[in-house]
Structures are given as structure tokens and as C-alpha cells.
Amino acid sequence: MDKAYEPNLYEDNIYKRWEESGLFNPDNLTNTKGRYVNLLPPPNANGEMHVGHASGYVVMDLLGRYHRMKGEKVLLLPGKDHAGIQSQVVYEKKIKKEQGISRHDLGREKFYNEIFAFCKDRSQYMRSQEKKIGLSADWSREKFTMDPDLVKIVLDTFVQMYNEVDNKGNRLIYRGDRIINWCPRCFTALSDVEVEHEEQMTKLYTFKYSNDFPFTISTTRPETKLGDTAVAVNEKDKRYKKYIGQEFKVDFVGVPLTIKIIPDHEVDMNFGTGALGVTPAHSAVDWEMAQKNNLPIVKVINEQARIYPGFGKFSGLSASEARTAVVEELRANGLLEKEEEYLNNLSVCERCKTPIEPLVSKQWFVNVDHANFSLKKSARKAIEKEEIKIYPERFKDVMLSWIDNVRDWCISRQIWWGPQIPVWYKGDEMVASVDSPGEGWKQDEDTFDTWFSSGQWAYSTLGYPTGKDYQEFYPSDVMIMGRDILPFWAFRMIILGLYCTGEVPFKNLYFTGLVRDENGQKMSKSKGNGIEPIEIINKYGTDAVRLSLLIGNTPGNDLNLGEQKIAGFRNFSNKLWNIARFIMTVIPTEAIRRVEGSLDLARDDKKTLADKWILSKLNEVIKSTSENIEQFNFSQAGEQLRDFTWNELADWYLEIAKIEGEKSEILNYLLNTILKLWHPFMPFVTEQIWTEIYGKDRMLMVERWPVFVASDATTPGKPEGGVAGDFELLKNIITGIRSLRAENKIEPVKKLNAIISAGDKAGLLQENAEIIKVLARLENLQIEESAIKPEGSIGFVESGVEVFVDLSGVVDIEKEKVRLEKEKQELEKYVSGLAGKLSNKEFVNNAPPAVVEKEQHKLNEAKDKLAKVINQLEGLR
RNA sequence: GGGCGUAUAGCUCAGCUGGUUAGAGCGUUGCAUUGACAUUGCAAAGGUCUCCCGUUCAAUUCGGGAUACGCCUACCA
């Protein structure tokens, strides 16, 4: 084995071996018990893997590998999303840049085919990146949301939902003229979640429609006022009460309007003039008011964001030109009362950041509260009853509030990239059908909202409703996604899953946080603070990157990731490598290949204190690792494993093993077990070490996960006694002596003499005397039941045991006095605190006896220690 | 405006159902180093657990409030 672990030498080969074994495919796993299914969230097929994807994959792969080692039939199903609008935007930019053409130059069919090829090409590249992170997914089942079989399922669902009609004739999916968010650049409708809000300063204009209109109103969008059909006032507002119900015919900048005064309790009397101009066609609130009051709807702005004909000189102007012109006109006529700077939220397109035009348009909608099957109610029920368990728990409330506030979902998009809506028209006739009804029928031009496809990922990937995989693997065990797509994706999968399959699509829903840079800033290309996963993997190794994404990262919380952290875990990979390297030099060859589990843990013969201690610790860590993984506490699991591996195994046990010798059996067992425990976290280095031990015939990936074994020898005792307590004492004696050396600046080569006054621990310490001598670098060590502090020595107290180190001539008496004095003071404070507590009757009477007893025990120990410290201090004087 | 979250060592964070002399990693300081590992070892310094009030024998932990900072959401034109 090389002196240092070089990830680049091994990783690709290891991955290749895993892949060639076919064991990523659950069909090839034998002797399985139960199944474990995780459908990986499909990233957009137009880009590349970023560190956010990587952080999700690492969790998914950890779980997959853990369950595979538990002997379950594991399926991690990978895939890609066609990402309708985003891919179309990306590809349009590309052809514009490379060929100077638009999608219209290509035509719909050619454009579609080119994007398809483009996405497939990118997918392949992304797949190679996903393999680099170690993802043990079944690539033979990889899916793409635009694959014909998946599209077919999505279209069938549409038809089924369209045909779901209640007794009033309302459809679960309906077509209607409603106000929607329109992106004039993407030239498509958007759902509410595809709109972002940006704060910006704008002007708030206060004006009168005309001189004969009785009062003023305020607006930030004067150009839309051309379509006003009402003014809403609060019914309690005395100023306007008398006008309610009246109709005014006004001449607004040369355009005749009919304005009805309507009451609405939502109008804020204190905002502006307390009167709100109602523009039903270009504001979602106004549109709803118009529905309630049967107001006419006048469309002013068209899909190109230009003014419709019929508005005099404003017709044909762009919305912003029209705004200027309307304001000018008002000003010229003395109708503009006020212009104020005003901070409001501008809606912009999530994909291209173009300001959204709310406008009325004919689109397809999903009724989220249909009489036959209420999507929102059934989702709420499933979440409330924890048929889907959400991690972290607080996201349950977030999900519920989303469900409660959801509105009908606009699923049609006026783009070319995506499954085309399976509705056919002929004259006035309309039919929903996957295939053309025949000659002369023309298909709806629109495509589906991407989330209508990806919302069916949970079963479309498994060949719903008749596929073998669907029968075997639905619903999945866990779904893992970034917390930012909860409303987009998690919610939609749940409602569509419940409707189509009658079951929840997954049993557990786990949200990851965002990955930020080391200063907590969002990573972005423009800031240049991003971490490119492949680059960083090449530098530090996949395992290091995986650990930095797992440890210190808690569910739903954001993670700050800097290079230093990754370097730290690179060091740890190397540590593990060297632990293995050491153990393999110690174990005799014939023992190396001995199979795990051959160690009889209960057999107590010849086991030293250190042996019993490390085995009990190992046993604990097997338990805690398993439990923490099951509970999605990956960080805890990793941290405890690292502590065990580095601070207990490497720093103590291996050092002791060098002294005690003859431990091949235990060392072999230890190495074997920690490799298994680490494998889900850091699959590459563990697999490589495994190969060094067992050769290429056995793969760690499918070895069996270690089991917790309860036995006297492996179960830790109480902290004050038993194996754990005894070993702790041994450790503290060694650390105490080392500390004295360091404080008194005694060079490590100089060996010291020490005497221990050990009381009833004399026998125990005698057995381990050699360990103390070597690790604390002592020349002579004398262990007595009771010893008197020798002249020229200084000492310390540890669990009733006094250690005297001969420092005659070297020790700085004054410094030592200061140290002891400080310790004395601290102890006195501690003792008086405890004594006070114990003399408090309330405490003694109310606290559980065990607690009181514990405090009493602490007090006794502290008093004893204090007496000894005082004694030593006296000796120095 | 509504909702959610976070405030613990210089930095990044653990600390579950109240009783620990409050922990880790990184960083810092001192010492060491060719024998598993300098991608190392040993030792140490560093915290009135944001503030106030309450519940309790006991609060970093539970409740209320304040302050600060995040994130999500929204139809004040």
C-alpha cells in the first residue's frame, strides 16, 4: 500500500468494478430481505452537476449503500428532467449566440428535435459527473421526462383528469379564461411558483380619471387604467359611501370608460386615497373583484406587452411607452395630483427575470379542490396522518400552509419544448385524447408545465400502472430534495400520486438545505465563489467531498462549505488509509483474510483492559451509526464514527496495541468493521482498502452491515466503574503526566520517574503499567496502594488516584504553585456549589433520588480531590 | 402584512425528551517529528450558552417578550 492515499489512482477503477458487477441493479442482488427504493430527483438536463446536486446525491447514496449492506433489494433510480422553459431559454440563447437564429427560424419540429438531442447530450455528461460522486444508481433504469414512455403516462393522466367530471359538470382539469402570469419574453403563461418578486422603487401616481369624476385614485401602473371598469372603496369609508353603486361615464385621456363604484372590504382606507381603480384584465386582485361584481373585463395589454387597438393614440405602444404617454396627458390636463416614490414588489419571470404582465388568457388549469377528488384535502390528510413523514419535522407545517393556500394550477405553457397537450380541436369540437381522433383534427399548440411531468416522477419512472417495477417498487421509501423545491415538486408529486395511484408516492420526505460558500453567501457564477464539484473531487478525492457534505450538515439547514473543510476530510481519508496500512503490517498473513465475525466477542480470555474497552466502544459505535442513519442524522453518525476512528482507535488503541502486541484477531475485526461502517460515507477509500485485504473477488459494497452484539465484554460499564471507567482512569493518568511535562517544558526524550498512590486501583494499574510507562515516557513507575509524595515531585489527582512525578531539579516551583492554586480555587468553587445544592431541602426533597445520589457522589470525589490538592500545595511550601 | 427558522469558543456548527465543572472540527499558542500517517503526534489557551421576564428544587435546554440576522410567502393599488 502506498504511504498516502491518492484518490485519483483508484476511484475510477473502483467505480468501474462496481458498475460491472451489475449490483447497482436490484434485480441482481441476491439473498435480499425487503426492498429499499429511492427515486432520485431528476436535475435539469440542460446544465451540469453543481454542488447542490452533489449534496443531495451524497445523502441518497449513503442511504442506498447502507440499505444494500443491510441486505435489502436497493433501487436508486436516476434520471433527468426536460425543464421546459429553462431548457428552451438555454437553447434559444445557444442558437442565437452560435448561429444568430431564433427558434422560429428552425420551426417547431426541428427546434424540438434539436433540444431533445441537446438534453440527451448534456444528460450523458451529467451522468459521468454523478458517477464521480460515487452514486450507486441503477443506470440501466435511467429515465428522462421526455422519453416517450414517460410522456405517454403524463398524457394519460391528463386525459383521465380531464374526464373527471362532478355532477355540476366541473372538470378536474379545465380550460378557462383566467388571469395568469404572463412572461412577455418567454411568451408563455407561468404558474404562481414560477414567479419571483423583486423589491424596487417605482412611482405611485395619484390622479383623477377626468374633471367630472368626483375623487382621485392611486396607481403604479397608469397604462393599465385604460381598462378600468370600476373603483373599489371600503364600504365603511364615509368619504365614498354615498357613491357606492353609482356609475360614471368618463373620458380618461381620450378613452371613454364606464366606472362603477363597488364596495370591497379588502380595500385599505389608509392607502393612497382609499379608492382603488379596478383593472380586471391586468391584476389578480382586481380580476377576483370583477368576478364577484360581474364587471366587464377590458383587455388593454396584449401578449407582446403592447396596447390593444381601440385605445386611441395609445394603441400599439409598448406598455412602458404607454405609461409615459398616459402620465403626460394627465399632467397636461391638470388631472395628475401627485407623484411619489414608492417601494413595491415587482413580479419577474423566474427563468429570465423579465417583468411579468398579469393578463387574462385562455389556459388549462388543475382544479385543486374538485368535488370528486380534492387534491388539496387528500394531500393535507396524508401529511397530517404522517402517511408521509417529513424531515426535518418543521417542514410539515410549511407543507401544510402551502397546501392551504394553493390556488388552481395553470398547467399550459406557450412554449415548444415539452409534452404537447393532448387535446384536439375541429371547428367548435374539442376532444381530450392521446392520439388524434382522425382527419381534420388539430392538436392544442400548448405544452405542459414541467412540474406536471416531473410531478408524476414517482410512478411514471416505474411504468405505471402495469409495469413490473411499479408493482414491485411503488411507493418508494424515501424522497430527498432541496428545501427550495418543496412547493414546486414535493407538493405536486403528492397530489398527483394520491390521485393516480391512490397511495402516497413515498413514505419519507427529506429536505436538504442549500450549499453556501464558507461565508454563508449564495454560490453564484457571477460572484465566483462557487465550488465546482468535479474540480474539487479531483483535488481532494470524492470521499473527502462526500464527508464535507455530510458532516456538519443538518436536515433542512443550509451548509457553509469552504475548501479548508474539504481538506480536513481529505486528511481523514488518509488517516483511515494509514490505520489500515498499519494493521495490515501487524496482522500475520494467514489471519488477514479471515472473515469478519470470527471474533468471539464474549470470550474473555486474554483480553486486556484496552481490548475490552475498544471492543465496547466499537460496539457502541455500531449501534449509534445504525440508529443515526435510520433517523436521518447523518452528521451525528459521521461525527461519532470519526471520533471513534481517530481519537479512540488510532490515538489510543493502536498505540497500545504496539505495546501489548499479539492482537491480530482483534485488529482484523476492528478494521473489518470500521470499513463497513464507513463505506456508505466514503465508499472509495473503504472499497480500495478492502481490495488490498481481500483482493478483487469480494466487494465491500455488498458485505453485510455489522450488528450490535450485547455481551458483558462489549457492553460499556458505568462511567465511574467498569471497563469504560477503568480505561478512562488509565488515559487520564497518561494525559496528566504528559500535561505536566508540557507545562514544565521537559523535552520528550527525557524519561521521568513516577509513583502512583492507587488505592484499590493498584492491581488494575499494575496490569497496565507498561502502557503508562511507554505512553507517558517514564523510566521507572512504582504503583502502590498507598504512597507518600516524594521530595521534589509534583502530582495530580485523578478519580481518587494520586500520581507523583519526580521533577526534582526541573520543576518550576513557583509555576507549579500557581497551577495548583488555580486548581484549588476552581475545586473550592465547585465543591461549594455542590454543597449548597445538597443542603437545599427543596432540591433533596424534589429531585429524583438518583440525581441526588449522583450529586452527592460528585461532591465526595471533589472533596477528596480538593484535600489532596491542598496537601500537595502544602508540600511545596 | 403573514409564516418559518436561527442566535452556544475567533470561524463553522453539535448539544434528543430540563440535573454535564457546556462539546467537536477548523483556526490560534507551545513542544515534538525520518519506523501506519507532517494529509502527523502531544499539550494548552479560548464560552456570564444574545438580553429580559416567567415555570421549576433546578433552565443553554421549557413558555412569553425584546433585539438582531436569515429564508419563504403575499392581491396595499
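Bear in mind that the values here come from a model prediction, so they are computed numbers and not experimental data. Just so we're on the same page: letters track the sequence lines, and every chain starts at 1.
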Contact string for nucleotides 72-77 of chain B, one letter per nucleotide 5' to 3', B = base within protein heavy-atom range under 4.0 Å, S = sugar-phosphate only, - = neither, reads -SBBBB
Letter per nucleotide, 5' to 3', of nucleotides 24-32 of chain B [B base touched, S only sugar-phosphate touched, - untouched; heavy atoms, 4.0 Å]: SSSS--S--
Would you mind reading off the distance between [X] atom [atom1] and [N] atom [atom2], rounded to a whole angstrom?
X	N	atom1	atom2	answer
A:Arg819	B:A44	CZ	C1'	13 Å
A:Ile656	B:C42	CD1	P	12 Å
A:Asp558	B:C71	CG	P	9 Å
A:Leu740	B:C42	CG	C1'	14 Å
A:Asn560	B:C69	CG	P	18 Å
A:Leu641	B:A14	CG	P	19 Å
A:Lys3	B:A36	NZ	P	10 Å
A:Tyr5	B:C37	OH	P	18 Å

Could you give the distance separating [M] and [N] at their [atom1] atoms, to the nearest angstrom?
N	M	atom1	value
B:A24	B:U34	C1'	32 Å
B:G18	B:C13	C1'	22 Å
B:G63	B:C4	P	13 Å
B:U67	B:G30	C1'	41 Å
B:G23	B:G35	C1'	35 Å
B:U50	B:U56	C1'	23 Å

In terms of heavy-atom contacts, does NZ of A:Lys260 have more than 12 from other residues, nucleotides or ligands at under 6.0 Å?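 12 or below, so no.
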What is the nucleic acid contact for [X], judged by heavy atoms within less than 4.0 Å: base, sugar-phosphate only, or nothing?
X	value
A:Thr735	sugar-phosphate
A:Gln636	sugar-phosphate
A:Glu853	nothing
A:Ala650	base
A:Glu655	base
A:Ser739	sugar-phosphate
A:Arg738	sugar-phosphate
A:Thr554	sugar-phosphate

Report yes or no: is the ring centroid of A:Phe843 under 5.5 Å from the six-membered base ring centroid of B:C57, with the two planes under 30 degrees?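 Base of B:C57: not stacked against A:Phe843.
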Is the centre of the [X] ring less than 6.0 Å from the centre of the [Y] ring?
X	Y	result
A:Phe582	A:Tyr653	no
A:Phe213	A:Phe252	no
A:Trp409	A:Phe491	no

Is a donor-acceptor contact shorter than 3.5 angstrom present between the side chain of A:Lys575 and the base of B:C37? yes
Look at [X] together with [Y] and state whether they make a salt bridge at an N to O cut-off of under 4.0 Å.
X	Y	answer
A:Glu655	A:Lys658	yes
A:Asp558	A:Arg483	yes
A:Lys865	A:Glu826	no
A:Lys292	A:Glu288	no

For RNA chain B, report each stem as range with range, ordered by first number, or say none. Use Watson-Crick or G-U wobble pairs under 3.5 Å, at least 3 in a row.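 So the stems come out as B:1-7 with B:67-73, B:10-13 with B:23-26, B:28-32 with B:40-44, B:50-54 with B:62-66.
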More 5' along RNA chain B: A:Lys865 or A:Asp397, using each one's nearest nucleotide?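 Taking each residue's closest nucleotide, the earlier one in sequence belongs to A:Asp397.
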State whether [X] places a side-chain N or O below 4.0 Å from either non-bridging phosphate oxygen (OP1 or OP2) of [N].
X	N	value
A:Asn574	B:U39	no
A:Arg581	B:C37	yes
A:Lys658	B:A36	yes
A:Asn578	B:U39	no

A:Tyr342 vs A:Phe271 aromatic rings, parallel, tilted or perpendicular, using cut-offs 30° and 60°? perpendicular
Report the residue from A:Trp652, A:Phe572, A:Phe569 that forms a ring pair (Phe, Tyr, Trp, His ring centres under 6.0 Å) with A:Trp646. A:Phe572
Can you identify which nucleotide, out of B:U21, B:A36, B:C13, has its nearest atom closest to the A:Lys858 side chain? B:U21
Side chain of A:Ile579 - closest among B:U21, B:C57, B:A36: B:A36
